[in-house]
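Heads up, the thing below is written out as structure tokens.
Note on naming: letters A, B, ... go to the chains in the order of the sequence lines (proteins, then strands), and numbering restarts at 1 for each one.
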2 protein chains.
Amino acid sequence: MATGRSTQHNPNPAAGTRRSRGRGIPDATVARLPLYLRALTALSERSVPTVSSEELAAAAGVNSAKLRKDFSYLGSYGTRGVGYDVEYLVYQISRELGLTQDWPVVIVGIGNLGHALANYGGFASRGFRVAALLDADPATTGNVVAGLPVRHTDEMEEIIRSERVSIGVITTPPGAAQQVCDRLVAAGVTSILNFAPTVLNVPDGVDVRKVDLSIELQILAFHEQRKAGDEYRDEDEAADADAEVPSAPAAAVVSTAGRAVEPGRGHGNERGQEYEEAAG
Amino acid sequence: MATGRSTQHNPNPAAGTRRSRGRGIPDATVARLPLYLRALTALSERSVPTVSSEELAAAAGVNSAKLRKDFSYLGSYGTRGVGYDVEYLVYQISRELGLTQDWPVVIVGIGNLGHALANYGGFASRGFRVAALLDADPATTGNVVAGLPVRHTDEMEEIIRSERVSIGVITTPPGAAQQVCDRLVAAGVTSILNFAPTVLNVPDGVDVRKVDLSIELQILAFHEQRKAGDEYRDEDEAADADAEVPSAPAAAVVSTAGRAVEPGRGHGNERGQEYEEAAG
DNA sequence: CCATCTTTGTGCACGCGTTCACAAAGACAT
DNA sequence: ATGTCTTTGTGAACGCGTGCACAAAGATGG
């Protein structure tokens, strides 16, 4: 998880010592419920009345036993010999996830990514409503994005209180993320989705989930490197004769480059590996 | 997590039966290496020579024992009584992740999100190079985004082969994702980062990681609902006297799923054991 | 009503990941 | 050199998640 998990499992170190698992559904299951919901919604739109665990599992990309066990945490909603009622299950999962409520969210930092999120259709269709777009840059405030005016962060507290916002999305540059986070929490936000590459410190009772685009790519690169030459690994891959690597990727293999690591000039120490989006 | 695989460990069922873990570094550790790398890079920029596992763990937001165990999979790079050499560790982790190589990537689907990713500075600084931006819409091709021209997907195969691209990023609408994925794989791509809300089918040997923005929000909504009142749960938490939630979220019932369902039916959630750890 | 067939729900075992706790290793002072 | 102090590296225990495999439950047909 990936994961995520994620995912996944998805480790959430910022949440700290106490998991907010109040008696109930395992975290791994909760992380998969949206997956099932998406597959079920597609079936519902095709007016499919019932679905077996095998079919639904295939549509969601998981193991059928895992799916059945996941559903068992919600209760017994299936009929043996038949399967699950699609509409009923859609409702049960939606209710369990809290999607039968209206969730106003604020997006802070309207750069490229904030722009993309504001326009993302997957929010509105799942009960999430963008209550406000916020940015600290006076050049950005006032613009209309996705039909909403970008408002200045000075209004943050007022908006959060009046609209009863409990979920905040941070898409600011990393330097501003913690400060924005603190203000969000102080104003009453208790769940934060953080896209800035920063570790956020939050008090107990506040949930933070993070999405880091470059981390995902780095994990892929690791596996990609493994798939490519393992020429400096000799012992193990003999048993695992899965040499199914059809394409030679841009190799330019580093081949260990010597142990002596020039300290002081490791490698890329250049500035500017941050988001540059909030500027625009 | 991602959770995932999320990430978390992010579960990647599409990768199929056999994990390509050549009996090396655990997946959970690999997923954390970019986190350590980021923290170490920040220390390096401040010219901090060495760091203890305790300090670095705090900066990365993880447990120090976990960090030490993670590093133990890479080898013994620390000095007892002192800590870890920052520059040396930056190099070792970069090498392990394959970031000392050049990784050309293609981004397919230059909508809002593709636009944001093309401008994302976190790629170039980590050894990733955007080899091409691709889109199927003639109205989009030809535009210049982040200094690169958007090229038509007709050129996909040619670009992938000539630039030796092995990593592809899919930011298309969900309907086009599988088709784009198939073409990427056929042309030689063996790692895919999927932002489309679709389950991708890929052959063995191809890694897929997915990032779903709405899933993360749904997971937050679940926990948020838990934190707010469980008033419609009957057997509720008498023991959980954690009523520290100042803001009640706006609870207007949603419009979506409401038909042919009897919400009155009791749920059969009979998990007796509760793992709640005493609230602080 | 009985037999058969399909599919759910789950007990159980296994492996991975996390965390604790401590011995070993090295730095540093005397 | 010797002792003390700091910090690493890791053995071991524990808990969670996964997947197998099967009994129970219900549908269906005769």
Checklist entry - Between the base of D/dG19 and the side chain of A/Lys69, is there any donor-acceptor pair under 3.5 Å? => result yes
Checklist outcome for this item: Taking for B/Thr29 and for B/Thr79 the nucleotide of DNA chain C with the nearest heavy atom, the one nearer the 5' end belongs to B/Thr29
Next on the checklist: Starting the side chain at C-beta, find the nucleotide from D/dC20, C/dT18, C/dT8 nearest to B/Arg32.
Outcome noted: C/dT18
Checklist entry - Taking CG from B/Asn63 and C1' from C/dC20, how many angstroms apart are they, rounded to a whole number? => result 9 Å
Checklist entry - B/Lys66 has an atom NZ; how far is it from atom P of C/dA21, in whole Å? => result 17 Å
Checklist entry - Nearest to the side chain of A/Ser72, which nucleotide is it out of C/dG17, C/dA27, C/dG9? => result C/dG9
Checklist entry - Atom CZ of A/Phe71 to atom C1' of C/dT10: distance rounded to whole Å? => result 16 Å
Item to check | Nearest-nucleotide comparison on DNA chain C, the residue closer to the 5′ end among B/Arg68 and B/Tyr73 | outcome: B/Tyr73
Checklist entry - Among D/dC20, C/dA21, C/dT8, which is the nearest nucleotide to the side chain of A/Ala65? => result D/dC20
Item to check | Candidates D/dT8, D/dG17, D/dC20 - which lies nearest the side chain of B/Ser52 | outcome: D/dT8
Write out a two-atom table: protein N or O, nucleotide N or O from nucleotides 13-15 of chain D, distance below 3.5 Å.
none

Next on the checklist: Distance alone, cut at 3.5 Å: any donor-acceptor contact between the side chains of B/Glu45 and B/Thr41?
Outcome noted: no
Next on the checklist: Tell me the interatomic distance from A/Glu54, atom CD, to D/dC20, atom P, rounded to whole angstroms.
Outcome noted: 11 Å
Item to check | B/Phe195 and B/Asp212: CA distance, side-chain angles, deciding distance, side-chain contact (heavy atoms from CB on, under 4.5 Å) verdict | outcome: CA-CA 6 Å; B/Phe195 286 87; B/Asp212 190 314; over 6 Å; no
Item to check | Donor-acceptor under 3.5 Å (B/Asn194 side chain, B/Thr198 main chain) | outcome: yes
Next on the checklist: Within the 4.5 Å heavy-atom criterion, are B/Val185 and B/Ile192 side-chain neighbours or not?
Outcome noted: yes
Checklist entry - Taking OP1 and OP2 of C/dT7, is either one under 4.0 Å from a side-chain nitrogen or oxygen of A/Ser53? => result no
Item to check | Interatomic distance where CG belongs to B/Asp27 and P belongs to C/dT18 [whole Å] | outcome: 11 Å
Next on the checklist: What is the separation between atom CD1 on B/Ile25 and atom P on C/dG17, rounded to the nearest whole Å?
Outcome noted: 12 Å
Checklist entry - Which listed nucleotide (D/dA27, C/dA27, C/dT8) is nearest to the side chain of B/Val82? => result C/dA27
Checklist entry - With a non-hydrogen cut-off below 4.0 angstrom, is A/Tyr84 in contact with a base, only sugar-phosphate, or nothing? => result sugar-phosphate
Item to check | Partner of A/Tyr84 by ring-ring contact (aromatic ring centres under 6.0 Å, His included), out of A/Tyr77, A/Phe71, A/Tyr91 | outcome: A/Phe71
Checklist entry - How close or far is atom P of D/dG9 from atom CG of B/Leu67, stated in whole angstroms? => result 10 Å
Next on the checklist: Using five base pairs at each end to define the local axes, how bent is the helix from C/dC1-D/dG30 to C/dT30-D/dA1, to the nearest 10°?
Outcome noted: 10°
Checklist entry - Do B/Arg80 and D/dT8 have a side chain to base donor-acceptor pair shorter than 3.5 Å? => result yes
Next on the checklist: Rounded to whole Å, please give me the gap between CD in A/Glu55 and P in C/dT7.
Outcome noted: 8 Å
